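To start, the structure under review is shown below, and the notes come after it.
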Amino acid sequence: MITQNSYIASNQGGSELDVKANSGDTVRWTASTFDGDTDYTAFLYSGSFNPSSGITALSYFNMHTSVYLPSGSDPVNGTPALFHNNAYATQGTVIEAGQKIQYTLSFKLVNNSTGAVIGYFSWDPFISIAN
């Protein structure tokens with residue numbers, strides 16, 4: 001799990017993440033496979049929290065992103081081109097800061113070349129919401 005440095009309370013990059021948040025802040029999750037969603041796509045479809053009073057029920061949406069990437073065969077001197085993409089995201093709003101929340105996120109894994117569902121999986125980390 002990772003976040004922007006300005007939101008880190010103590011560590012990141014592992015299975016647990018301590019973030020700085022206040023009541024009313026939004027926490028957003030996106031999932032990516034090890035290959036950057038090239039061969040497979042993972043997307044979140046369900047989540048629950050314990051205690052349930054820590055974060056609102058999750059909402060799901062497609063997030064439109066725009067990035068500049070190299071165009072042509074010369075990434076150093078070529079003119080970057082604008083590409084548009086979609087990312088599937090999930091978010092909840094912090095209700096009460098100062099808690100350690102155990103949560104479960106469920107995701108579906110899909111083969112990008114065939115559209116076949118590989119399987120359904122869940123993950124149950126903690127998130128510490130600091131003040």
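If you're wondering where the values come from, they're calculated on a predicted model, not measured in any experiment. Heavy-atom basis, side chains included; hydrogens, waters and symmetry copies ignored.
In this structure, L105 CG and W123 CH2 are separated by 6.5 Å, a value rounded to the nearest 0.5 Å. Atom CD1 of I118 sits about 11.5 Å away from atom NZ of K108, to the nearest 0.5 Å. Rounded to the nearest 0.5 angstrom, L58 CG and T90 OG1 are separated by 6.0 Å.
Taking both residues in full, the closest heavy atoms of A21 and V94 are given as CB-CG2, 4.1 Å, listed atom of the first, atom of the second, then distance. Considering every non-hydrogen atom in both G54 and I101, the closest pair reads CA-CD1, 3.9 Å.
The cluster map of Ile, Leu, Val, Met, Phe, Trp and Tyr, joined by side-chain heavy atoms under 4.5 Å apart, puts L109 and Y60 in the same cluster. F121 and L44 fall within the same hydrophobic cluster, where Ile, Leu, Val, Met, Phe, Trp and Tyr residues are linked whenever their side-chain heavy atoms come under 4.5 Å apart, directly or through other members.
Legend: side chain to side chain donor-acceptor pair (under 3.5 Å) pairs involving residues 38-50, not counting sequence neighbours, sorted by first then second residue: T41-N112. Sorted by first and then second residue, the side chain to side chain donor-acceptor pair (under 3.5 Å) pairs with a member in residues 66-82 read S66-H84, D74-N77; sequence neighbours excluded.
Contact of the F49 side chain with the T104 side chain is not registered, since no non-hydrogen atoms from C-beta on lie closer than 4.5 Å. Side-chain contact between M63 and N86 is absent, with no heavy atoms from C-beta onward closer than 4.5 Å. The closest side-chain heavy-atom distance from F43 to V110 is below 4.5 Å.
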Could you list the donor-acceptor pairs under 3.5 angstrom formed by side chains in residues 23-30, with sequence neighbours left out?
residue: S23; atom: OG; partner: I95; partner atom: O; Å: 3.0
residue: D25; atom: OD2; partner: N22; partner atom: N; Å: 2.8
residue: R28; atom: NE; partner: Q91; partner atom: OE1; Å: 3.2
residue: R28; atom: NH2; partner: Q91; partner atom: OE1; Å: 2.9
residue: W29; atom: NE1; partner: Y103; partner atom: OH; Å: 3.3

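Scored by the side chain to side chain donor-acceptor pair (under 3.5 Å) test, Y88 finds no partners at all (sequence neighbours excluded). Shown here are the side chain to side chain donor-acceptor pair (under 3.5 Å) partners of D35, two or more places apart in sequence or in another chain: T33. Residues satisfying the side chain to side chain donor-acceptor pair (under 3.5 Å) criterion with T114, sequence neighbours excluded, are absent altogether.
Other residues, nucleotides and ligands contribute more than 12 heavy atoms inside 6.0 Å of the CZ atom of F83.
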